[in-house]
Amino acid sequence: MKLVCGLLLCVLGCGSAPDKVVSPQRPIFVDVGLQAGVTIRTVSGTPEKEHIVECNTGGAALFDYDSDGDLDIFIVNGSRIGGYEEGQEPRAALYRNDGDWHFSEVGASAGVNHAGWGMGVSVVDYNADGNPDLYLANYGPNALYRNRGDGTFENVAAQLGVDYSGWSSTGVFGDYDLDGDLDFYLANYIDFDPNYRPADMSFCSWRGIEVFYGPRGMPGEQDRLYRNEGAAAGWSFKEASEEFGILDHDYYGFAAMAGDWDEDGDLDIYIANDSTPNLFYRNDGGVFRDVSLISATAYSEDGREQGGMGLASGDYDGDGDLDLFVTNFSHDNNTLYENNGRGFFTDTSFNSALGKESITFLGWGTGFLDYDNDGDDDLFVANGHVYPAVDRHDIGTSYLQRNQLFENKGSGSFTEVGTALGAGMMVEKSSRGAAFGDLDNDGDLDVLVVNMDDTPTLLRNDGGNRQSWLMVKLVDRGSNVDAIGARVVVRQAGHTQTREVHSGTGYISQDDIRLHFGLGKATEVEQLDVRWPNGEVESLRGIAANQLITIRRGEGIVAEGFNAAIRGAR
């Protein structure tokens, strides 16, 4: 018995971060959050969840705020309806990566310990100064924290015109009008009044359980699109939804993402909406057209509105175009939309097994990632219910849920393998946002998950780097320094992998913008193609595996290795 307990402690960890434990069959995930010092407790209303606003926070970002070559962590925090006394407010946290799985909380000294009811976070260098900034979408005034480049930030949202106050979910940045600088789409959720009491109480019941009111029956908050006015205007933004063709659908916007799903060289926008049809805006030369219905991405295969929560995009079938995956509410299925080319899709949720495996879960943060470096896109889903009362009823679900990881088996099929991937994947909490990146620069992808009324789950990938990999950092010229919207295609032995650089991912969160490719047993990449946001294409050949490369537009590889100075490359 002592031996068994000792082994469990080795996996779960105590004191300092545990030594790596590698499964002989596949990688495993070890939760090192507490030992690494990532101990923020995400607060959101009361434990009973009496209002809908109390169950939806949970954004997180992985980004290198101090440009020292490793990923730091930012986590939003919530509040409660009555607020808090001054000095007692829950605050957002910024964790500086000190190496060897040790993080220091520096939010106050950095000036980003935001007090307010936070929802989502995006990372963007909006002013092209080489320093990553943070945009916070809130229930209340939104914030834009400008990175001064000295380890500190200042909130410039009001002076730049982006302090919209309502209930925002996330900001998704991209050069939508191809003028060289970064605009952003703001997904908004509900025009929420905590004192409102509906005349129709039918929306306060779910499967016979008394629950909080909404979102059905509540007015939706209109999404907005802001145009970056550029350096000459002091990097201010103008709300230009009508000019861009963005319509007021009165939907409940949660996750959003920008990507070139029709492969015409500009960024489209997809929004996962709660209890209303999803939206697909196709970009036609800087003006958007709603093609949700004709693209077959508004509804499920059988024509139903779903409770869209999280969103992921990746080329899971290796055919060179980007597919879509949407997480949905409990007792419904998550939805996989296969891209058939030119931005037309087919719902393949049940053909891929992703639909069946999701019915009893409530999905949130999600992302395609090659966790085992075998060269294809696997899929992670963070789960957790919104109604604590479900635990008092026998309806086949629970408030606290484990997360899932689906291994790509090829030919469009997935197998859920989370229960075989270590104790970290067996943690049961009510999870929300998830972010993916290589936190220890060892060549495999780790996972950060934010949990309601609890500390985060920080999953270290042990063993994913037993197979080869390549990490790609892009540096563009002009105002889009981080090449948001660029596409990289890696070609190896007749197989292709396709990735895009995104600002705003998953459920109201931000993944590492460095692009990760698993290479299996290969020792080099045969060909790597970069399509830059301005349409230029560069091709590189014979790139050695197992390194980070930095590519600057027009110059090729300007730095190699995880210790190369990315700051110098800028």
My understanding is that only residues two or more places apart in sequence, or in another chain, count here; which of them pass side chain to side chain donor-acceptor pair (under 3.5 Å) with Asp177?
none
With Arg41 via side chain to side chain donor-acceptor pair (under 3.5 Å) - residues at least two apart:
none
For [X], what residues pass the side-chain contact (heavy atoms from CB on, under 4.5 Å) criterion, not counting sequence neighbours?
X	answer
Ser468	Leu519, Ala545, Asn546
Asp511	Ala435, Phe436, Thr505
Asn534	Trp532, Glu536, Arg553
Thr152	Arg148, Asp150

Side-chain heavy atoms of Trp167 within contact of Val53, under 4.5 Å:
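In contact.
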Taking side chain to side chain donor-acceptor pair (under 3.5 Å) as the cut-off, I'd like each qualifying pair that reaches into residues 181-191, sequence neighbours left out, listed once.
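For residues 181-191, and leaving out neighbouring residues, the side chain to side chain donor-acceptor pair (under 3.5 Å) pairs sorted by first residue read Ser168-Asn188, Tyr185-Asp223, Tyr189-Asp274.
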Anything under 3.5 Å between a donor and an acceptor, one on a side chain of residues 363-372, the other on a protein residue two or more places apart or in another chain? List them.
| residue | atom | partner | partner atom | Å |
| --- | --- | --- | --- | --- |
| Trp364 | NE1 | Gly384 | O | 2.7 |
| Thr366 | OG1 | Phe380 | O | 2.7 |
| Asp370 | OD1 | Asn373 | N | 3.0 |
| Asp370 | OD1 | Asp374 | N | 3.2 |
| Asp370 | OD2 | Asp374 | N | 3.3 |
| Asp370 | OD2 | Gly375 | N | 2.7 |
| Asp370 | OD2 | Asp376 | N | 3.4 |
| Tyr371 | OH | Glu407 | OE1 | 2.7 |

Take Arg80 and Glu50, measure what salt bridge (Lys or Arg N to Asp or Glu O under 4.0 Å) needs, and give me the verdict at the end.
CA-CA 11 Å; Arg80 64 186 180 192; Glu50 298 170 340; over 6 Å; no
Could you tell me whether [X] and [Y] have a side-chain N and a carboxylate O separated by less than 4.0 Å?
X	Y	result
Asp377	Arg499	yes
Arg146	Asp125	no
Arg477	Glu555	yes
Glu229	Lys238	no
Asp454	Lys429	yes

Evaluate the criterion side-chain contact (heavy atoms from CB on, under 4.5 Å) for residue pair Leu528 and Val488; output intermediate values, then yes/no.
CA-CA 7 Å; Leu528 184 151; Val488 175; 3.9 Å; yes
Could you tell me which residues satisfy salt bridge (charged side-chain N to carboxylate O under 4.0 Å, His left out) with Glu428, sequence neighbours excluded, listed by chain and number?
none
Partners meeting ring pair (Phe, Tyr, Trp, His ring centres under 6.0 Å) with Phe517 (sequence neighbours left out)
none
Partners of Tyr176 by ring pair (Phe, Tyr, Trp, His ring centres under 6.0 Å), sequence neighbours excluded?
Phe288
May I ask you to check whether Tyr387 and Tyr399 place their ring centers less than 6.0 Å from one another?
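When the ring centroids of Tyr387 and Tyr399 are compared, they turn out to be at least 6.0 Å apart.
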For residues 112-119, which side-chain N or O atoms pair as donor and acceptor with protein atoms under 3.5 Å away, sequence neighbours left out?
| residue | atom | partner | partner atom | Å |
| --- | --- | --- | --- | --- |
| His114 | ND1 | Tyr145 | OH | 2.9 |
| His114 | NE2 | Asn138 | ND2 | 3.4 |

